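A quick note: this is a predicted structure, and the numbers were derived from the prediction, not measured.
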Number of protein chains: 2
Amino acid sequence: MHQPEHLKSAGLKSTLPRLKVLDLFENSKERHWSAEDVYKQLLNSGEDVGLATVYRVLTQFEQAGLLVRHHFEGGKSVFELNKGEHHDHIVCLQCGHVEEFYDTAIEARQEKVATELGFAIRDHSLHIYADCTKKKCPHKR
Amino acid sequence: MHQPEHLKSAGLKSTLPRLKVLDLFENSKERHWSAEDVYKQLLNSGEDVGLATVYRVLTQFEQAGLLVRHHFEGGKSVFELNKGEHHDHIVCLQCGHVEEFYDTAIEARQEKVATELGFAIRDHSLHIYADCTKKKCPHKR
DNA sequence: TATACGAATGATAATCGTTCTTATTTGCAA
DNA sequence: TTGCAAATAAGAACGATTATCATTCGTATA
């Protein structure tokens with residue numbers, strides 16, 4: 001549990017809400033959380049945090065580089081731990097499960113296309129929405 | 001001006017708001033419009049439409065296949081005429097200008113990746129956010 | 001260890017984009 | 001023309017997010 005160092009190096013005080021949120025992301029099998037998800041999970045765990053605090057902390061963590069924010073269809077932002085390595089997402093339309101992937105060829109072609117059009121890439125997002133063909137998909141949406 | 005046929009074939013009555021919205025998309029150099037954009041433009045043109053109607057019409061046009069909806073960062077939906085041919089987008093971070101591109105290699109790799117992960121692609125969105133390196137960029141954001 | 005002060009919090013109001021409700025108007029077929 | 005279902009405009013309602021503000025907390029310092 002070296003979370004306080006994470007926070008300190010990000011210039012953030014080590015407070016209970018921040019520790020709890022960070023713990024969720026670091027010690028849970030689920031990698032992707034919306035603000036509402038985090039809020040409910042903390043309430044269920046007996047923590048007494050405010051929704052506004054959750055939003056604030058998530059944004060701070062994003063700015064500190066601890067988390068990455070994604071805008072999937074559906075309006076709400078989704079966060080995940082920043083592993084440093086970029087990847088894209090494939091979202092199951094049945095159950096909402098998110099899987100990650102990285103394809104060198106796709107990344108390279110993006111650079112090529114952008115350069116040819118006269119742009120310098122700052123960021124990009126590739127979201128594939130699909131039906132899971134495996135049995136492991138719970139289809140519980 | 002064969003818009004009424006467009007509407008009729010989509011099972012939609014030929015009303016003034018619908019004609020005006022469709023006209024905007026068909027006879028304007030700007031291809032991408034948000035609901036708010038459309039609403040303001042129509043008001044400036046002296047039309048007396050309601051914002052709710054604009055939202056309803058845009059959604060109907062999307063369902064009818066006349067328009068395509070995009071979810072860029074920033075939360076709000078953006079629409080454009082459905083030209084039938086899929087393409088991805090590169091958004092200028094300076095001026096918000098949207099350019100379109102299509103890359104066969106990227107499309108093919110996406111199919112490959114999805115198949116390998118056990119998914120059947122239904123839809124996808126690739127948005128590149130970049131700085132325009134040409135002088136043509138108005139940098140007026 | 002006590003303390004002081006700025007940072008962080010929680011409750012709630014406000015905002016933004018979008019959808020719903022409802023009373024009124026309109027397109028169009030008979 | 002007339003009748004009626006469909007479409008509209010206005011504004012209320014909504015969900016996600018941000019702003020406000022009085023209170024509490026973390027921590028550097030004495």
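Listed for the B:N44 side chain is no donor-acceptor partner under 3.5 Å among the backbone atoms of B:Q41. Of the possible donor and acceptor atoms, none in the side chain of B:R18 sits under 3.5 Å from a partner among the backbone N and O of B:L12.
The list of ring pair (Phe, Tyr, Trp, His ring centres under 6.0 Å) pairs with a residue in residues 62-82 of chain A, not counting sequence neighbours, reads A:H70-A:F72, A:H70-A:H89, A:F72-A:H89, A:F72-A:H127. The list of salt bridge (Lys or Arg N to Asp or Glu O under 4.0 Å) pairs with a residue in residues 38-48 of chain B, not counting sequence neighbours, reads B:K20-B:E47.
For the pair A:K20 NZ and C:dG10 C1', the computed distance is 18 Å after rounding to whole Å. Rounded to a whole Å, the CH2 atom of B:W33 is 17 Å from the P atom of C:dG17. With rounding to whole Å, B:L7 atom CG is found 14 Å from D:dA6 atom C1'. Distance OH (B:Y39) to C1' (C:dG17): 14 Å, rounded to an integer number of Å. With rounding to whole Å, A:Q60 atom CD is found 6 Å from C:dA8 atom P.
Contact of the A:L51 side chain with the A:E36 side chain is registered, since non-hydrogen atoms from C-beta on lie closer than 4.5 Å.
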Which atom pairs link the protein and nucleotides 13-22 of chain D when you take only N or O atoms and keep those under 3.5 Å?
{"from": "D:dA16", "atom 1": "OP1", "to": "A:K76", "atom 2": "NZ", "distance (Å)": "3.1"}
{"from": "D:dT17", "atom 1": "OP1", "to": "A:S77", "atom 2": "N", "distance (Å)": "2.7"}
{"from": "D:dT17", "atom 1": "OP2", "to": "A:Y55", "atom 2": "OH", "distance (Å)": "2.6"}

Please list, pair by pair, any protein nitrogen or oxygen found under 3.5 Å from a nitrogen or oxygen in nucleotides 26-30 of chain C.
{"from": "C:dC28", "atom 1": "OP1", "to": "B:S14", "atom 2": "N", "distance (Å)": "3.4"}

Got a list of side-chain donor-acceptor pairs under 3.5 Å for residues 52-59 of chain A, not counting sequence neighbours?
{"from": "A:T53", "atom 1": "OG1", "to": "A:R56", "atom 2": "NH2", "distance (Å)": "3.2"}
{"from": "A:T59", "atom 1": "OG1", "to": "A:Y55", "atom 2": "O", "distance (Å)": "3.0"}
{"from": "A:T59", "atom 1": "OG1", "to": "A:R69", "atom 2": "NH2", "distance (Å)": "3.4"}

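Between A:I121 atom CD1 and A:Q110 atom CD the span is 5.5 Å, to the nearest 0.5 Å.
When the salt bridge (charged side-chain N to carboxylate O under 4.0 Å, His left out) test is applied to A:K76, no partner is found at least two apart in sequence or on another chain.
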